[in-house]
Amino acid sequence: MSDLFADILIQFLNGLAGASSLFLVAAGLSLIFGVTRIVNFAHGALFMLGLYLAWSLIDLFGRSTLLGFWGGVLAAALCVGAIGVVIEIVVLRRIYKAPELFQLLATFALVLIIKDAVLFFWGAEELLGPRAPGLRGAVEIFGRRFPEYDLLLIAAGPLVLGLLWLLLHRTRYGIFVRAATQDREMLAALGTDERRLFTSVFFLGAFLAGLGGALQIPREPAQLSLDLAVISDAFVVVVVGGMGSIGGAFLAALLIAQAKALCIALGDVSMFGTVVSFSKLTLVVEFAIMAAVLVLRPWGLLGKPLALARGAGASAAPLDPPGPLFWPASFVVLVLLALAPLGGDRYLLVLMGDIAVFALFAVSLHFLMGPGGLVSFGHAAYFGLGSYAAALVFLRLDLPAEAALLAAPLAGGAAALLFGWFCVRLSGVYLAMLTLAFAQIAWSVVFQWNDATGGSNGLIGLWPAGALKDRTLYFWATLVLCAGGIFFLWRTVHAPFGLALRAARDQPMRAEAVGIDTRRVQWVAFALSGAFAGLAGGLFAFAKGSISPDTLGVARSVDGLAMVLLGGVQTLTGPVLGAAVFTWLQDEIARNTEYWRAILGFAILALVLAFPHGLGGALKRLRGAA
Amino acid sequence: MMLEVRDLDASYGRAQILAGVSLDVAAGEVVALLGRNGAGKSTTLKAILGLVPPARGRVVFDGVAVAGLAPYRIARLGLGYVPEERRIFTDLTVRENLEVARRASRQGFAPWTPSRLFKLFPNLETLIDRPGGRMSGGEQQMLAVARTLMGNPKMLLLDEPSEGLAPLVVEQMEAAIAALKREGLAVLLCEQNLHFARRLADRAVILEKGQVRYSGTMAALTADATARKTYLEL
């Protein structure tokens with residue numbers, strides 16, 4: 001028993017050390033959000049950058065001296081702060097008034113660009129950092145060895161919390177930050193230049209992220225996947241702690257890191273005759289804490305309900321009902337697409353199949369985002385779970401592909417029912433962050449559950465037998481199912497259900513007052529959207545023959561968002577157009593360069609800065625002007 | 001002229017709120033901006049300060065054309081704004097609420113300090129360390145005016161300062177505004193409460209559907225029962 005006690009104690013200390021670094025990132029994210037109302041998706045990328053920069057700068061300053069090490073850590077954090085300033089001035093300053101979604105997308109574009117910049121400068125190999133001079137050893141605690149450096153990290157969290165508290169409560173600058181967090185328009189009306197405040201807060205937040213990364217250098221290798229891993233953890237911490245609350249971020253970081261540490265310490269425990277592997281439950285624990293907090297306190301442990309910052313006047317113009325030519329024209333397009341295999345071009349067939357699948361995926365996402373007003377940043381979860389459900393039914397249950405394609409929407413819909421139940425309780429950025437966190441959890445489960453999902457290798461051998469074996473027939477089936485799904489969703493937007501959904505988006509209180517159960521309507525929308533995303537995922541799996549955890553990665557979710565935004569959120573056909581252009585472009589770019597992410601990132605940035613209404617919106621305006 | 005507004009248009013999305021509003025406020029003068037609910041009074045103030053970007057028209061404040069400037073620039077020129085909803089920073093204490101608005105003093109005006117403000121609003125002194133969120137409506141209204149004064153403005157835009165206040169507090173507010181007038185501050189005062197405005201204002205401008213329908217001295221409006229009935233009474 002004393003062994004278990006020592007295990008738990010060591011893991012408790014480990015948890016404290018982990019919490020410190022998590023807190024630094026989350027505090028920066030929370031500060032930036034509080035003042036600028038921008039959810040900085042690139043915050044994890046800034047953390048990663050801090051780690052890489054520290055690796056290089058410590059090398060430059062001298063690995064073995066105190067000054068070299070700590071100078072390198074500090075310089076790395078300052079560099080990341082400066083990069084934050086550049087990002088704020090060059091990109092974000094132009095989009096403070098843009099819809100939240102565009103801001104999120106712009107910061108995601110930065111994630112892609114930073115990732116490729118790191119790949120370019122440091123390469124794809126993991127880099128092992130130096131250990132801190134003077135803190136290389138370990139102390140003995142109850143017969144276990146615990147790294148000295150981790151003791152220092154344990155102190156770093158509360159120290160930074162204290163410094164931040166002093167800054168926010170005991171300086172004039174802090175008063176401005178707190179005032180801006182509450183009402184930046186009033187602050188401007190009192191004569192404060194918001195822009196300088198925003199830039200400085202961005203510096204501070206980026207500095208904290210960079211510091212969090214740099215301090216990890218003796219503990220974990222620098223690697224390219226850190227950006228998204230860190231940001232989803234930070235999102236969970238911020239949601240649990242409460243947006244804009246530094247104290248809440250600290251509490252939440254502690255809670256989550258400790259819960260994870262406890263699971264690792266318990267390891268495999270026999271209970272009631274079976275062995276429960278707690279160490280595999282670490283992700284489920286994070287999820288359980290977040291779910292519990294969101295149900296009991298939707299604004300986090302120490303957060304406050306957000307005032308509607310941009311309520312009035314932001315609602316969308318009503319969608320025009322389809323004209324008399326809409327359905328016939330759609331049918332003609334469909335028939336033309338169905339003729340594609342006759343050309344005999346194998347590559348064209350693959351591309352058209354992909355476009356059909358992603359058009360359905362984009363339309364399902366648009367259904368939620370546009371008419372529903374529910375921004376899902378983790379839509380790939382339903383797509384990917386659909387793929388995996390189809391693959392597992394096909395491979396493990398030995399059922400035909402037709403049955404597997406039935407399982408795909410069921411799985412996507414079921415997942416959307418589960419996640420959506422929590423999500424519809426929130427709105428705006430909280431909702432976006434929660435959908436992302438759920439997707440990240442789904443991804444991690446798929447990634448780690450080797451026995452069922454094949455882990456990082458994924459599943460192979462998804463070649464249907466029977467009628468769908470023929471690629472042309474499979475393409476036609478894809479086309480019919482995707483078009484059917486798209487038309488069903490379009491029809492639903494104009495059905496009474498769609499009207500209720502739009503009413504719930506534009507005027508939730510009035511909608512409730514006329515008897516619409518807005519949460520229920522939105523929940524059903526989640527399920528519908530998830531089901532069709534799942535169907536798209538299932539079709540994708542059999543088109544490719546294999547699937548990997550990438551199928552439900554964050555990058556896929558963002559692809560969906562880019563398609564919808566490219567097409568225009570407030571148009572009906574836009575997402576289809578967006579999916580076609582995006583899929584084709586991505587295919588072209590990826591075949592020609594290793595750095596396709598950065599190119600995609602720059603393209604998204606250009607898109608966000610130049611066409612805030614999407615391609616569909618731009619076309620509509622052209623037509624309006626002509 | 002301290003403030004000249006000419007042909008000001010403003011809209012929220014597709015809904016046009018102001019259609020060609022023109023008005024003047026001389027240095028040291030108090031002008032009441034009257035009208036029924038939804039006439040465009042608050043929007044006029046917001047458009048002058050740039051919080052609602054004016055779609056058309058000219059705004060000249062103390063010799064500077066300010067239409068199109070960012071609100072913080074207009075505020076720094078010496079235009080103070082007290083919103084109808086008060087918009088106190090509820091997480092900040094009274095002291096911090098005042099501190100956040102502090103700006104350098106101006107020539108010709110005695111600089112405002114917390115202690116000088118406490119002479120104007122004695123209630124605030126005892127509340128100095130209380131968070132803004134834990135104050136009564138009347139206390140918040142006083143803090144809102146005091147906070148704006150910390151910026152040492154030359155002119156105030158006051159949006160319904162008497163709204164929802166107890167009669168005693170309305171009297172205090174009236175006394176305070178009268179004192180500010182004696183200090184030489186110009187005031188553009190939005191009001192629904194004609195009795196309150198009458199005791200403070202030199203002139204009155206009445207809005208209806210975003211247009212100026214009446215402009216004259218307060219004395220003339222007091223004498224003109226028809227105008228009051230047509231534009232103000234329900």
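All values derive from a computational prediction rather than experimental measurement.
Arg73(B) touches chain A through its side chain: at least one heavy atom from C-beta onward sits under 4.5 Å away, while N, CA, C and O do not. Using a 4.5 Å cut-off between heavy atoms, Tyr81(B) touches chain A through backbone and side chain atoms alike. Using a 4.5 Å cut-off between heavy atoms, Ile88(B) touches chain A through its backbone atoms (N, CA, C, O) alone.
Other residues, nucleotides and ligands contribute more than 12 heavy atoms inside 6.0 Å of the CZ atom of Arg116(B). Enclosure of atom CZ in Arg106(B) by more than 12 non-hydrogen atoms of other residues, nucleotides or ligands within 6.0 angstrom is indicated. The neighbour count for Arg6(B) CZ, taken as heavy atoms of other residues, nucleotides or ligands under 6.0 Å away, is above 12.
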Next item on the list: For the pair Thr192(A) and Tyr72(B), evaluate side chain to side chain contact (heavy atoms under 4.5 Å, CB included) and give the outcome as yes or no after the intermediate values.
Entry: CA-CA 6 Å; Thr192(A) 299; Tyr72(B) 83 91; 5.7 Å; no

Checklist line | Arg147(B)/Met186(A) under side chain to side chain contact (heavy atoms under 4.5 Å, CB included): CA gap, chis, key distance, verdict | finding: CA-CA 11 Å; Arg147(B) 181 179 63 177; Met186(A) 190 61 225; 3.4 Å; yes

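Taking CZ from Phe89(B) and CD1 from Ile175(A), the interatomic distance works out to 11.0 Å, rounded to the nearest 0.5 Å. Rounding to the nearest 0.5 Å places CG of Leu190(A) at 9.5 Å from CZ of Arg103(B).
Across all their heavy atoms, Ala75(B) and Ala189(A) have their closest contact at CB-O, 3.2 Å. When all heavy atoms are compared, the tightest approach of Asp183(A) to Arg87(B) is OD2-NE, 2.8 Å.
Taking the salt bridge (charged side-chain N to carboxylate O under 4.0 Å, His left out) definition, one finds that Arg93(A) meets it with Glu88(A), sequence neighbours left out.
Within residues 194-204 of chain A, the residues having any heavy atom closer than 4.5 Å to a heavy atom of chain B are Arg195(A), listed by residue number.
A distance-only check finds no donor-acceptor pair linking the side chain of Arg178(A) to the backbone of Leu92(B) [under 3.5 Å]. Put simply, the side chain of Glu99(B) never gets that close to the backbone of Arg172(A): no donor and acceptor are under 3.5 Å apart.
By number of non-hydrogen pairs under 4.5 angstrom with chain A, the leading residue of Thr90(B), Thr148(B), Asn97(B) is Thr90(B). Listed options Asp91(B), Thr93(B), Leu77(B) were ranked by heavy-atom pairs under 4.5 angstrom with chain A; first place goes to Asp91(B).
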